[in-house]
J.: 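One structure coming up, written as structure tokens, with questions to follow.
Each chain gets a letter, A, B and so on, in the order the sequences are listed, and its residues count up from 1. Note: hydrogens, waters and symmetry copies are ignored here, and every other heavy atom, side chains too, is used.
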Amino acid sequence: MGVKLDEIFDSFSENRLFKDKSILQTSYTPENIPHRDNEIKQAASILAPALRGERTSNLFIYGQTGTGKTLSIHYLKNEMMKRAKKEGLSLDMQYLNCKLRKVSDTQYRILAELIKKLGGSVPATGLPTDQVYNKFIEIIDKEKKILILILDEIDQAVKKISDEFLYNFTRLNSELNNANICLIGISNDLNFLDNLDPRVRSSLGQEEIVFSPYNALQLQEILKSRADNAFNQGVLEEGVIQKCAAYAAREHGDARRALDLLRIAGEISERNGEKKVTMKSVDLSNQKIDRDKILDVVQAAPKQFQMTLLSIILLSDKKNKSSDKIFTGDVYNKYHELCLEHKSDFLTQRRVSDIIAEIDMLGLINAIVISKGRHGRTKEIKLSISPKILDKVNLILKESLDL
DNA sequence: AGGTATTCACATGAAACTATTCTCTGAGTTAGG
DNA sequence: TAACTCAGAGAATAGTTTCATGTGAATACCTGT
């Protein structure tokens, strides 16, 4: 045993492909951000008055995932804070990601989190919201300064709470005597502003910046600039970067995806003891990402959801041979049967029908509404999980349903 | 043959119900003055 | 006495059921040739 382990360790340290893997991690903030100069400049010119101690317009930023919104804002934040420090300005910028679970659910938690970041403290529960709100104002208003609040994934919070809390934020200034506050909202959802209370919209959307997706070429450059430091010299096989970029470009130019692809490809090659990161591992990496996404979804899904999916899988297993199609009724019967068998309670057909639609949305199955004439109208369901990972999905389902 | 009506097996919507989570209030507790 | 903590009432929310209505085309049923 010991010998074998040594072998593994040896081969591991011998062909190290990575110089610094963390550079490819999503949490890494690079020195410069390629292809976002315009956006950063725009944002900077909007926020610049803050460096003269003046209030700035509220700013709203949108763009799809992996277009560098958060990164750019972080960068800008750091630069501005540096500058403010040098010149002794009382400027404060706080970043808050509204998507984090502990933060997002309620207005209370958002306020509590902000207060914590500003150096105050509130109990995790128990106080009325408006008291927390007052405390928040009190803390900000202690001294004369400019506070810039960056609310990332703000659409998530609004979805959970309602836009009322945003409205509160936008009128905050009228309650402040010393300090000035301004908001930067970041969202993935392009339509977000449209479904907002008009009062909030006009105030939050004073300035807007759109981050457009990277194209394949830009992705390549981003990857290249990071790969130089992340990998050792010459370990990338010809075309690896291009391939990663191409895959990611297909997914609306998601740079995060591109970086993940490259990193995982590297990990796969390293684990296989290869001397270089090969094209093949990029393919494997792509598959792995897809697979992990599916497995995560399946694992995290609620019980009834899993039960429904399992029914579909069982049915398509059987039906594949007789080449029959699967319909809602079949699924419900099977599901019902399974539930009885397992003595768990079951949902109505109405709900299962919705669950099927949800599974469809996640892309695990493909369901289209068809009419079978005299034999009614129903959904025709096709499983679209690749057979390669079907076994794993099955395993997870059986495990979590402990069958 | 050609046209119309029926009918099936669900889809799709809306409202009502329910269990859980949040918020808020007031009473009790603590600690400092 | 002010600040904090906590339990429990009431409000908000998510997940689901109940009730109601809608749908597209295969099939049954005419109708006149």
J.: Look at all strands and tell whether Phe346(A) reaches a base, only sugar-phosphate, or nothing, counting heavy atoms closer than 4.0 Å.
T.: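 Since only primed, P, OP1 and OP2 atoms lie under 4.0 Å of Phe346(A), the category is sugar-phosphate.
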J.: Report yes if at least one side-chain N or O of Thr348(A) is closer than 4.0 Å to OP1 or OP2 of dT17(C); otherwise report no.
T.: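 Checking Thr348(A) against dT17(C): at least one side-chain N or O falls below 4.0 Å of OP1 or OP2.
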J.: Could you state the NE2-P distance from His336(A) to dT17(C), rounded to the nearest angstrom?
T.: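 Going from His336(A) (NE2) to dT17(C) (P), I get 11 Å.
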J.: Can you find a donor-acceptor pair, distance only, under 3.5 Å between Arg374(A) side chain and dG24(C) base?
T.: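 For Arg374(A), whose side chain was compared with the base of dG24(C), there is no donor-acceptor pair (under 3.5 Å).
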J.: Expressed as a whole number of angstroms, how long is the span from Arg350(A):CZ to dT12(B):C1'?
T.: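 Atom CZ in Arg350(A) sits about 6 Å away from atom C1' in dT12(B).
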J.: Can you find a donor-acceptor N/O pair under 3.5 angstrom joining the side chain of Arg377(A) to the base of dT23(C)?
T.: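 Indeed there is one.
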J.: Could you state the atom-to-atom distance from NZ of Lys372(A) to P of dC10(B) in whole Å?
T.: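 So the two atoms are 7 Å apart, to the nearest Å.
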J.: Does any donor atom in the side chain of Ser311(A) or His336(A) lie under 3.5 Å from an acceptor atom in the other side chain?
T.: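 No, no side-chain donor-acceptor contact under 3.5 Å.
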J.: Using atom CG of Asp330(A) as one end and atom P of dA11(B) as the other, report the distance to the nearest whole Å.
T.: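 Taking atom P of dA11(B) as the reference, CG of Asp330(A) is at 11 Å.
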J.: CD1 of Ile368(A) versus P of dA11(B): gap in Å, rounded?
T.: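 Interatomic distance, CD1 of Ile368(A) to P of dA11(B): 13 Å.
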J.: If we check side chain to side chain donor-acceptor pair (under 3.5 Å) with Thr65(A), which of these qualifies: Arg256(A), His252(A), Arg257(A)?
T.: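 Only one option passes, and that is His252(A).
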J.: Rounding to a whole Å, what distance do you find between Asp354(A):CG and dA14(B):C1'?
T.: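 After rounding, the reported distance stands at 12 Å.
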J.: Tell me the interatomic distance from Glu358(A), atom CD, to dA14(C), atom P, rounded to whole angstroms.
T.: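 In whole Å, dA14(C) P lies 13 Å from Glu358(A) CD.
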J.: Is a salt bridge present between Lys243(A) and Asp283(A), judged by a nitrogen-to-oxygen distance below 4.0 Å?
T.: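 Counted as a salt bridge, because a side-chain N and a carboxylate O are separated by less than 4.0 Å.
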J.: Would you kindly give the CD1-to-C1' distance between Ile356(A) and dT12(B), to the nearest whole Å?
T.: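 Roughly 14 Å, once rounded to whole Å.
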J.: Quick one: are Lys293(A) and Asp296(A) in side-chain contact, heavy atoms under 4.5 Å?
T.: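 The answer is no, as the side chains (C-beta and beyond) never meet within the 4.5 Å cut-off.
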J.: Name the closest nucleotide to the Ser371(A) side chain, picking from dG24(C), dT17(C), dA11(B).
T.: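 For the Ser371(A) side chain, the nearest candidate turns out to be dG24(C).
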J.: Can you tell whether the side chains of Arg350(A) and Asp354(A) come within less than 4.0 Å, N to carboxylate O?
T.: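 So Arg350(A) pairs with Asp354(A) through a salt bridge.
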J.: Below the 4.0 Å mark, does dC10(B) have OP1 or OP2 next to a side-chain nitrogen or oxygen of Thr328(A)?
T.: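 Answer no for this pair, as no side-chain N or O of Thr328(A) is under 4.0 Å from OP1 or OP2.
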